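Note sheet for the following structure.
First listed ligand is number 1; within each ligand, the first listed atom is number 1. No experiment lies behind these values; they were computed from the predicted model shown.
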Amino acid sequence: MEIAGLPIPPDLAASYARRGITELYPPQAACVEAGLFSGKNLLISIPTASGKTLVAEMAMHHQVARGGKCLYIVPLRALASEKFQEFSGKGLRIGIATGDFDRRDDYLGRNDIIVATSEKVDSLLRNRTPWLADITLLVVDEAHLIDDPSRGATLEMVITKLRHRNPDMQIIGLSATIGNPADLAGWLDAELIESDWRPVDLREGVFFQDSIQFADRVRQIERKSKYEDLDLVLDTVAEGGQCLVFVSSRKNAEAFAKRAASGLKLANPVLAGYADRIRSNAATDMGKTLAACVAQGAAFHHAGLSREERQIVEAGFREGEIKVIASTPTLAAGLNLPARRVIIRDYLRFSAGEGMLPIPVREYRQMAGRAGRPHLDPYGEAVLIAKSEEMVEELFDCYIEAPAEDVRSRCANEAVLCTHILSLIATGFARERDEVLGFMDGTFYAHQGESQRALSRVVHRVLEFLREAEMITEVGDWLEPTEYGSLVSRLYIDPRSAEVIVTAMADQKDYTDIGLLHLLCSTPDMPTLFVRRDDMYLLDRFLADHRDDLWMEIPWDADEEFDRSLKTALLLADWVNEIGEDEICRRYNVGPGDVYGMVESVAWLVHASRHLAGLFAPHLVRPIEEMELRTKHGIKKELLPLIRLRGIGRVRARRLFDNGIDSIEALRAAGQEKVSRILGQGIAAQVFEQLDGVREEIQEISEEQSTLSRFG
Ligand code: ADP
């Protein structure tokens, strides 16, 4: 099917033609035939890189040309920016929404396409964002993630709410291969487009000793080193290809990258340039190891990397200079980096409480699907490594020939439902018990056969919890949110977290930093760090000196959860006490990416707790407000007056302070010349430009920081 004949704007067709895209791939043509341009709902379940995004993009342009507005939901923030870039520059106004959760972001409504994470859409719904009512096309990328244990329920609820609100809206679900696509399609009232067609031929096989066995052939691999997995990499590189290697842990990823680097021993000015950039920013040993590997053409990739490190590695691989990346499987979903050969070295992964478990077939497919770059590789190869002869057969059965798992609704979890049912009531979606039940009837959970009786029992228990927590009131069947309930819903935190925070705060006379941080790290909304035996010394030493500063009770017996939350709180306390990033990484055995992840999560909870304090513990509002800025910037209290200036971050503020300049008045008194000597001329000029208007500026910042200021 020719693109020129499709009902899409000529500019879009021209932009495709410039990239050599003139004809639809067969599954794309099937989408058009199934009603893509006549408003039909579609569930497109085809392999990675078979052109799903392009189908969605054409539909969005078609809608906008007819006066519509589109919402494109992605599972990860990183994917939101990737899609934002992909859709930009083609004649439409594109917006991206991933930020703070208590804003309505009305300005976003001016765009034709809004790319957002499901959490952000959920929060926009809770804050009654008006432009959501104008959405005429909803695209759900990675729709199979409705099955994700931690975030699937939010995606399901968001889809249900949007459909409830805009019943005529077209829906396009993009999904990896799943076991029960008809089930998901049935829920969405969608035509199912299912295909295993791929633009590049994919060969899947199992490597054992010195050969890869494919279903229809065997390929010998030359022994060049003492490591089989390295030989597989060297073989691909010798043929001009690149490799992605999936291993079970960060440590393994780093170890494999080192091995690959010493096997490849590449050296050229481009690689040296990447390595220099990584080294010059590297605050940790991990960064230095990465630089050394990259200099020789290999890299590792996991959530501990800083954003810059990740960007350099990804760009270096795309440009073909870095030949191999060793990665943890959790990154398979977000990593859009095709390679000639994908090696799945470890198919067991550690799962807390359950030990080592085999990865699901769906994840295997997602990794294998990265093999073969369209237009660049003649074929792609996905290779599993067997540790014994018998395993060859087993790996064929369990992965290569196995059907993908079914997706199941995650709404069966009552704790999860609590959050969502509160938001239904708080936003007026449901005002009576029957309306809550009616809404639940539209979920995938109900579609998958949950009985009315079971649903009604769960809803009953959830309403009971919310009523006891005084987040809702119930008169007869009539449900009303309380001020507290509405606030919790808008703050986008788990009602159980709100209960933990409010209960602890109400008892506190005195504020302490660690008391607050540890409290927030004890809520279900906060991810916490794994505790090793070595960490116990740090925790015990803290408790010996500062146990009275904690707001939460210290358990008599060893309690893993308590240890985890305390360790995490200590890391955050170090962050706001300006301990260097490298020292934090060393002390807690984490990477810079983890530190930022923790800071981001807790910053949101600090923000939420400030608003909760406004209702229940007004004496704590002021110190929590200071902590909000301190967490955001990683600074001690004494730098607060300086941090409010644009261009001044934690490092520059510290430099000023150490030179005796500790306030706006002191800046004025010091004069631009002295400040230039400390910060350089450009920054000093920028700072002094702001000084005249500084009063208004502080005002503006604090208003921006408190969108819910009437509670604060
Ligand atoms: P998916 O979303 O399924 O992973 P994409 O839509 O991102 O796949 O497409 C993968 C690559 O193939 C992109 O570079 C895209 O531009 C290209 N592509 C998509 N459709 C076609 C087509 N009909 N002809 C040629 N290339 C295409």
Heavy-atom protein neighbour under 4.0 angstrom from atom 11 (C) of ligand 1:
no
Just how far is it from atom CD of E394 to atom OH of Y347, taken to the nearest 0.5 Å?
8.0 Å
Could you tell me whether R19 and ligand 1 have an N or O pair separated by under 3.5 Å?
yes
Take atom 19 (C) of ligand 1 and look for protein heavy atoms under 4.0 Å from it; say yes if you find one, no if not.
yes
May I ask you to say whether R151 pairs ionically with E119, meaning some side-chain N is under 4.0 Å from a carboxylate O?
yes
re atom 25 (C) of ligand 1, the protein heavy-atom contact at minimum distance is Y25 OH, 3.3 Å
What is the nearest protein non-hydrogen atom to atom 8 (O) of ligand 1, stated with its residue, atom name and distance?
G51 N, 3.1 Å
Looking only at distance, does I3 have an N or O less than 3.5 Å from an N or O of ligand 1?
no
Ranking I21, V55, L24 by closest non-hydrogen atom to atom 24 (N) of ligand 1, top hit is I21
Looking only at atom types and distance, does a side-chain atom of R365 sit under 3.5 Å from a main-chain N or O of I400, one as donor and one as acceptor?
yes
Examine the proximity of ligand 1 to E23 and report which part, side chain or backbone, both or neither, has a heavy atom under 4.0 Å away.
backbone
List ligand 1 atoms under 4.0 Å from S50, heavy atoms only on the residue side.
3 (O), 8 (O)
Does this structure show an ion pair linking E239 with R219, if we count only N-O contacts that are shorter than 4.0 Å?
yes
N/O of G20 under 3.5 Å from N/O of ligand 1, yes or no?
no
Before accepting this row, confirm whether a basic side-chain N of the pair K69/D112 lies closer than 4.0 Å to the acidic partner's carboxylate O.
no
For atom 4 (O) of ligand 1, which protein heavy atom lies nearest, and how many Å away is it?
A49 N, 2.8 Å
Polar contact flag, side-chain donor to acceptor under 3.5 angstrom, Q448-S409:
no
Report the distance from atom CD1 of I178 to atom CG of L184, rounding to the nearest 0.5 Å.
5.0 Å
Specify the protein heavy atom at minimum distance from atom 3 (O) of ligand 1: its residue, its atom name, and the distance to 0.1 Å.
K52 N, 2.9 Å
Polar atom proximity, K83 to ligand 1 (N or O, under 3.5 Å)
no
Checking a contact table here: which protein heavy atom is nearest atom 7 (O) of ligand 1, and how many Å away?
T53 OG1, 3.6 Å
Could you tell me how the ring of F444 sits relative to the ring of W187: parallel (under 30°), tilted (30 to 60°) or perpendicular (over 60°)?
tilted
Take atom NZ in K40; do more than 12 heavy atoms of anything else shown fall under 6.0 Å from it?
no
